[in-house]
Number of protein chains: 2
Amino acid sequence: MKKKTRYVLLGLLQEEDLSGYELKQIIDKRMRFFWQESYGQIYPELKSLLVEGMIEEKQEESGTKREKVRYHITDKGREEIYTWLLEENEKDTTRSEFLLKLYVSQKKDWATMRKHIEIFMDQAKMQLEFFELYHAQLTSCIELHENHRQIVDVLNLGIGQQRLYITWCEDLLKRES
Amino acid sequence: MKKKTRYVLLGLLQEEDLSGYELKQIIDKRMRFFWQESYGQIYPELKSLLVEGMIEEKQEESGTKREKVRYHITDKGREEIYTWLLEENEKDTTRSEFLLKLYVSQKKDWATMRKHIEIFMDQAKMQLEFFELYHAQLTSCIELHENHRQIVDVLNLGIGQQRLYITWCEDLLKRES
DNA sequence: CATGTCATGTAAGTGGTTACATGATTTT
DNA sequence: AAAATCATGTAACCACTTACATGACATG
């Protein structure tokens, strides 16, 4: 799979000026269920984008706060995203150690798997709680970003997914073997 | 994320003797929605497992067919799986270029995204059709494997997921902007 | 007899994580 | 004063894919 780091960064910078650290935070909190990036990808990629003229530095006019470099997208950067949007998508990839374990587990392993299912369900519940809070925030406030609508759309899928996971876990746990 | 290739292979070999090629096929067709492996991982890993005594070769008593090497799991291999099952699971990871695009797309990109959504929905429909067929096969026949039940469980989640995707896509496409 | 699928492999390259280094600022 | 978090970065390592090579057997 080709590296897509630049598109995440540019995509978020399209809406507001952000630093590398802030970008990482947003990806971790809000995009976790369909995307992830590490600092080892983010910082070098920001440098490349800078060199290529896709983004530019915006020095913070600092009062008391330590100065932090935020990046601002350029027209070239917007074009980069636009052409990417037109391309075909690569197939989604998922790796779930939990589902792998469940798939290969046998009757004798049920006690162990039960615990894993409970943990998985708890994680889904916490994830759902967070998503619902975020959803409420988004729908109550005015549209801050151009892609407000799209964020809600994706979030709705995330919510649906967590609910599915939870009921599926509950069904499994009802059985005693 | 630590490499988990050995557990997929051992997990499948726990149920029946299979060749590298057959293992790859099963992973691609039946486990695609939560796991994937390439030949570049499978063949070298089989060699390692052989050296470590987790599996052993079973020469096919060949009639007309070209002889093909199937692997058979050993007690040591079964133990390896067993201890892995007890470990904590790493967090699931997903990368969906489609959802990433939707997330960062704006109102002006709607026409493009509409096409992507249609393609995504079609893929989900095909996936669902295949899962339902496989589900029918599994529930109609006698339990061939120790993990028959578990396969159906995971499959049920897969089916639920595809259905969720489809209705979510339909809702999105109802809107005209 | 050519094309496709079966079947096994490997080397090179890319994608991605982890661990570490550094130091400022904030919180306890 | 210590611990946590903010903030930026990099090098080494690991995981994984891709492209290629090889050849047998099957199908039209």
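Proteins come first, then strands; the chains are lettered A, B, ... in the order of their sequence lines, and each starts at number 1.
When the ring pair (Phe, Tyr, Trp, His ring centres under 6.0 Å) test is applied to B:W35, no partner is found at least two apart in sequence or on another chain. Residues meeting the side-chain contact (heavy atoms from CB on, under 4.5 Å) test with A:Q137, sequence neighbours left out: A:L133, A:Y134. By the ring pair (Phe, Tyr, Trp, His ring centres under 6.0 Å) test, B:Y21 is found to be paired with no residue, residues two or more places apart in sequence or in another chain being considered.
Residue B:E57 contributes atom CD, which lies 10 Å from atom P of C:dT8 at whole-angstrom precision. Atom CD1 of B:I42 and atom P of C:dA7 are 14 Å apart (whole Å). Atoms CD (A:E45) and C1' (D:dG9) sit 15 Å apart, rounded to a whole Å. Atom-to-atom, NZ of B:K68 to P of C:dT5 comes out at 16 Å; the value is rounded to the nearest Å. Between the CD1 atom of A:I26 and the C1' atom of D:dC6 there is a distance of 15 Å, given to the nearest Å.
The list of salt bridge (Lys or Arg N to Asp or Glu O under 4.0 Å) pairs with a residue in residues 39-48 of chain B, not counting sequence neighbours, reads B:K3-B:E45, B:R6-B:E45. Residues in residues 12-31 of chain B take part in these salt bridge (Lys or Arg N to Asp or Glu O under 4.0 Å) pairs, two or more places apart or across chains: B:E22-B:K68, B:E22-B:R70, B:K24-B:D28. Sorted by first and then second residue, the ring-ring contact (aromatic ring centres under 6.0 Å, His included) pairs with a member in residues 143-174 of chain A read A:F120-A:Y165; sequence neighbours excluded. Listed by first then second residue, pairs satisfying salt bridge (Lys or Arg N to Asp or Glu O under 4.0 Å) with a partner in residues 154-170 of chain B read B:E132-B:R163, not counting sequence neighbours.
Between B:V104 and A:Q14, the shortest heavy-atom distance links the atoms O-OE1, 3.5 Å.
Each end of the helix from C:dC1-D:dG28 to C:dT28-D:dA1 gets its own rotation axis from five pairs of C1' atoms, and the angle between them is 40° to the nearest 10 degrees.
A side-chain donor from one of B:E37 and B:T5 sits under 3.5 Å from a side-chain acceptor of the other.
By the 6.0 Å contact criterion, CD on B:E79 is open, its count of non-hydrogen atoms from other residues, nucleotides or ligands being 12 or less. The 12-atom threshold is not exceeded at CD of A:E129, counting heavy atoms of other residues, nucleotides or ligands nearer than 6.0 Å.
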Study note, to complete from the structure: Expected string for nucleotides 10-18 of chain D under the B/S/- scheme (protein heavy atoms, under 4.0 Å, primed atoms plus P, OP1, OP2 as sugar-phosphate) is B----SSBB
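In this structure, B:Y82 belongs to a hydrophobic cluster whose other members, linked by side-chain heavy atoms under 4.5 Å apart, are B:L86.
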N/O to N/O distances under 3.5 Å, protein versus nucleotides 20-22 of chain C:
none

Review point. So B:L18 and B:L9, side chain to side chain contact (heavy atoms under 4.5 Å, CB included) or not? Walk me through it.
Key: CA-CA 9 Å; B:L18 295 161; B:L9 303 180; over 6 Å; no
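Contact check of residues 15-24 of chain A against DNA chain D (heavy atom, cut-off under 4.0 Å) returns A:S19, A:G20, A:Y21.
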